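Below is one structure, written out as structure tokens, with a few remarks after it.
Predicted model, so just to flag it, every value in this text is computed and none were measured. Numbering of residues begins at 1 and proceeds along the displayed sequence. All heavy atoms count here, side chains included; hydrogens, waters and symmetry mates do not.
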Amino acid sequence: MKLTEEMLIAVLMGGPGTEREVSIVSGKAVLKALKDKGYQAVGVEVFDVTPALPKGTDLVFNVVHGTFGEDGGLQKYLEGLGIPYTGAGVKSSEVAFDKNLSKECFLNNGVPTPGSELVDCSNGVRLPEMVVPFVVKPPREGSSVGIRVVKKESEVLPAMEHAAEFSTDLLVEEFVEGRELTVGVLDGEVFPVVEIAPPEGDWYDMETKYPWLSGKEVGSQYTCPADLTPEEMSIVQAAAKKAHDALGIEVYSRVDVLLTSLGNPFVLEANTIPGMTETSLLPMSAVEAGYSFGDLCVKIAELSLAARLQ
């Protein structure tokens, strides 16, 4: 369904979660892109779970990363109001955002993913049975919030205690040594692969993703398209598409994949509201696929309108 200049698009940004600042930067970029394309767009900063929308809103462009915006909460709220919104629906958002649920979905659908263990810390912090090295993850946070890479026994308890500050049902995942890659998917089209190279000695966390948030001088470096053989590119893209489809994600996503030295892909997660900042990876890969940033925003909006109004 085509956007028209008469439609009012509310670009939602911010939110109550830990990714608020990044979301606002993403939202401002999307707002500018839509206005530059000649559309009637207004920015709406979200502070709670009942955001007020401008009267006559025809479409919500959701750029609220993480909690509420990405976990199905905002989607459910907007469906209650009868207002169409961009991106994944309620159910696919809930499953993709919850690392435990998405892990189960990957395993049930043959998506290659690291081995894992679910540790229940509801009655106090417990240690996993898995041997190091592994990665400890709170299941319902985005942008690597609360995640710790554990390579020594002495790091296990502090990592579990840290993750337990965010959740009690912790995902402990085998540490896979490999190249960090990410793949955009838009309406079944798989974009060129992006390779992520965190600063030496670091890993891809909030600080290396967004150095301007933490005051770091150097952040992660990105290569698009990634320096992969055609076979490797195909393997990684196929794994990403399989994960996107298994989760039932509507319209678009960005899927994180590790590729080992033996050429085996391991899917980590799918992001249903990926970053849309100047350093974000979905827009970077979209450019390689032939979409300007403005074109990408319009395409997401039009595909989403069609999906919601079916």
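Atoms NZ and OG, on Lys137 and Ser167 in that order, are 14.0 Å from each other to the nearest 0.5 Å. Between Asn100 atom CG and Asp169 atom CG the span is 5.0 Å, to the nearest 0.5 Å. Atom-to-atom distance recorded for Lys28:NZ and Lys32:NZ is 13.5 Å, nearest 0.5 angstrom. One distance of note links OG of Ser23 with CD1 of Ile273; it measures 9.0 Å at 0.5 Å rounding. Rounded to the nearest 0.5 angstrom, Leu268 CG and Lys99 NZ are separated by 10.0 Å.
Panel note: side chain Glu250, backbone Gly89; a donor-acceptor pair is recorded below 3.5 Å. Between the side chain of Glu302 and the main chain of Leu3, a donor-acceptor pair closer than 3.5 Å is present. Within the 3.5 Å criterion, the main-chain N or O of Asn62 finds a donor-acceptor partner in the side chain of Thr86. With Glu180 contributing its side chain and Ile196 its backbone, the two residues share no donor-acceptor pair below 3.5 Å. At least one donor-acceptor pair closer than 3.5 Å links the side chain of Lys242 to the backbone N or O of Gly110.
Proximity of Ser92 to Leu247: side-chain heavy atoms (C-beta onward) are nowhere separated by under 4.5 Å. With contacts defined as side-chain heavy-atom distances shorter than 4.5 Å, the pair Pro283/Met276 qualifies. Contact of the Gln40 side chain with the Met7 side chain is not registered, since no non-hydrogen atoms from C-beta on lie closer than 4.5 Å. Here the side chains of Pro84 and Leu309 are in contact, with some heavy-atom distance below 4.5 Å. Counting heavy atoms from C-beta outward, Tyr252 and Leu296 have side chains that stay 4.5 Å or more apart.
Residues satisfying the side chain to side chain donor-acceptor pair (under 3.5 Å) test with Lys35, not counting sequence neighbours, are none. Take Lys152 and apply the side chain to side chain contact (heavy atoms under 4.5 Å, CB included) test, not counting sequence neighbours, and it matches Ser154, Glu155. Val193 pairs by the side chain to side chain contact (heavy atoms under 4.5 Å, CB included) definition with Leu181, Val183, Ala226, Leu228, Met233, Val236, Gln237, not counting sequence neighbours. For Thr182, the side chain to side chain donor-acceptor pair (under 3.5 Å) partners at least two apart in sequence or on another chain are Arg254, Asp256. With sequence neighbours left out, Leu303 forms a side chain to side chain contact (heavy atoms under 4.5 Å, CB included) with Leu186, Asp187, Val251, Lys299. Residues that satisfy the side chain to side chain donor-acceptor pair (under 3.5 Å) test with Thr113, not counting sequence neighbours, are Lys103.
Here Val172 sits in one hydrophobic cluster together with Val119, Val125, Leu127, Met130, Val132, Phe134, Val136, Val150, Val156, Leu157, Met160, Leu170; the rule is ILVMFWY side chains under 4.5 Å apart, joined directly or through other members. In this structure, Phe47 shares a hydrophobic cluster with no other residue, the cluster being traced through Ile, Leu, Val, Met, Phe, Trp and Tyr side chains under 4.5 angstrom apart. When hydrophobic residues (I, L, V, M, F, W, Y) are linked wherever their side-chain heavy atoms come within less than 4.5 Å, the members clustered with Val90 are Leu12, Val44, Val46, Val49, Leu53, Val60, Val64, Phe68, Leu74, Tyr77, Leu78, Leu81, Ile83, Tyr85. With side-chain heavy atoms closer than 4.5 Å counting as contact, directly or through intermediates, Leu262 stands alone and belongs to no larger hydrophobic cluster.
Applying the 6.0 Å contact sphere to CG of Asp48 captures more than 12 heavy atoms from other residues, nucleotides or ligands.
Within the structure, every pair that satisfies the ring pair (Phe, Tyr, Trp, His ring centres under 6.0 Å) test and touches residues 163-191, not counting sequence neighbours, is listed here: His162-Phe166, Phe191-Tyr291. The list of ring pair (Phe, Tyr, Trp, His ring centres under 6.0 Å) pairs with a residue in residues 12-34, not counting sequence neighbours, is empty.
Counting only N and O atoms by type, the side chains of Thr277 and Ser280 include a donor and acceptor under 3.5 Å apart.
The pair Arg20-Glu45 counts as a salt bridge, with a side-chain nitrogen and a carboxylate oxygen less than 4.0 angstrom apart.
Nearest heavy atoms, Ala289 versus Pro192: CB-CD, 3.9 Å. Heavy atoms only, all atoms of each residue included: His244 and Ser253 are closest at ND1-OG, 2.7 Å.
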